[in-house]
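Data block below; observations after.
Counting convention: from 1, in listed order, for ligands and their atoms alike. These numbers were taken from a predicted model, which means no experiment stands behind them.
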Amino acid sequence: MIILHYTGMESEAAALTRLQDATAQVSAHYVVTESGQIIQMVAEEKRAWHAGKSCWQGCEDINSCSIGIEIVNAGPLADFPDYPEPQIAAVILLCRNIIARYQIKPWHLLGHSDIAPQRKIDPGEKFPWGHLAEAGIGHYVEPAPMMAGLALSFGMQGAEIALYQEKLASYGYGLVINGEFDELTRAVTYAFQRHFRPSLVDGIADVSTCQTLQNLTYALNCEDF
Ligand SMILES: [Zn+2]
């Protein structure tokens, strides 16, 4: 797998210092700077400490099966700045290279928030997943348009919720299928929206969110595993 992060620190220098500090106990295979420079921090065959407690498709040791890429971006410290074009071009180049060498499936390119939805929000809703998809990187469908209809939200229960949870889980998200729109389901909904329906990230599974999920799982099932 490839896991994308933002550094979430005030500067590139601060991020690089932290990623080289053994006592910080955090590391990543690559850092991509705002100008598009790619810096290797850890050999690919070594296990980097970037994912933390996480889960995808039932796998809970993501660090052992992934390459971690830290993208320099201040995130919440600077009100979620846009990712500059040269930086995204470098991310695409790096991902394309890694994907080709390990035959990584498109749906195994994920954000930190996808695998740790209750703890992490990076690389954030400003990250241009659609732009990467246009370059042939990652798994993506056009977000379904906003429309009126039943919206599933925190506290609701029933078969509709169970079905929604099943779809999220079948795509890979780690959640419990219990028919309750609980805190975990809300956290996963936020993560899903950050990645796949970024125009509104509110933790409410509206028609657009559910339809985007439906289209995404359909697209996955059409793929040749
Ligand atoms: Zn992260």
Side-chain angles (χ1 to χ4, degrees), residues 1-34 36-44 46-57 59-84 87-88 90-92 94-95 98-99 104 107-129 131-132 137-140 171-175 184 186-196 198 201 203:
M1 297 166 70
I2 297 175
I3 305 300
L4 301 183
H5 306 260
Y6 61 48
T7 50
M9 296 190 72
E10 61 276 14
S11 71
E12 176 186 319
L16 287 171
T17 300
R18 181 168 155 80
L19 287 166
Q20 292 176 87
D21 177 3
T23 61
Q25 302 203 322
V26 58
S27 56
H29 296 91
Y30 294 97
V31 172
V32 179
T33 70
E34 286 174 300
Q37 192 190 0
I38 299 168
I39 304 167
Q40 183 159 21
M41 309 289 287
V42 176
E44 287 180 2
K46 295 230 165 104
R47 183 177 182 274
W49 295 354
H50 60 95
K53 185 173 161 38
S54 48
C55 181
W56 192 258
Q57 285 171 342
C59 169
E60 294 190 340
D61 185 6
I62 307 287
N63 280 337
S64 290
C65 60
S66 66
I67 300 285
I69 301 174
E70 285 279 359
I71 305 165
V72 174
N73 182 289
L77 290 184
D79 199 21
F80 301 96
D82 287 329
Y83 288 89
Q87 186 178 38
I88 293 305
V91 170
I92 289 171
L94 178 60
C95 286
I98 296 167
I99 287 164
I104 295 171
W107 47 91
H108 286 155
L109 176 78
L110 297 163
H112 201 184
S113 51
D114 291 311
I115 60 166
Q118 286 184 300
R119 299 188 305 115
K120 297 291 175 180
I121 62 168
D122 61 315
E125 53 265 44
K126 284 285 187 74
F127 188 77
W129 293 101
H131 187 139
L132 266 69
I137 306 294
H139 192 235
Y140 196 77
Y171 193 72
Y173 286 96
L175 81 176
L184 180 56
R186 181 164 60 180
V188 170
T189 301
Y190 272 112
F192 178 81
Q193 290 173 332
R194 284 197 167 94
H195 189 154
F196 296 106
V201 179

query: Protein N, O or S atoms less than 2.8 Å from the Zn ion (ligand 1), ignoring waters?
result: His5 ND1, His112 ND1, Asp122 OD2
message: Checking side-chain polar atoms at under 3.5 Å, does Ser66 have a donor or acceptor matched by the opposite partner on His50?
response: yes
query: Any side-chain donor paired with an acceptor under 3.5 Å for His29 and Glu70?
result: no
- prompt: So do Tyr83 and Val91 actually touch side chain to side chain, heavy atoms under 4.5 Å?
  reply: no
From CA spacing to verdict: side chain to side chain contact (heavy atoms under 4.5 Å, CB included), Leu110, Leu4: CA-CA 6 Å; Leu110 297 163; Leu4 301 183; over 6 Å; no
- prompt: Is a side-chain donor-acceptor pair under 3.5 Å present for Glu44 with Tyr30?
  reply: yes
- request: Can you sort out the partners of Ile121 under side chain to side chain contact (heavy atoms under 4.5 Å, CB included), two or more places apart, ordered by chain and number?
  value: Tyr6, Phe80, Arg194
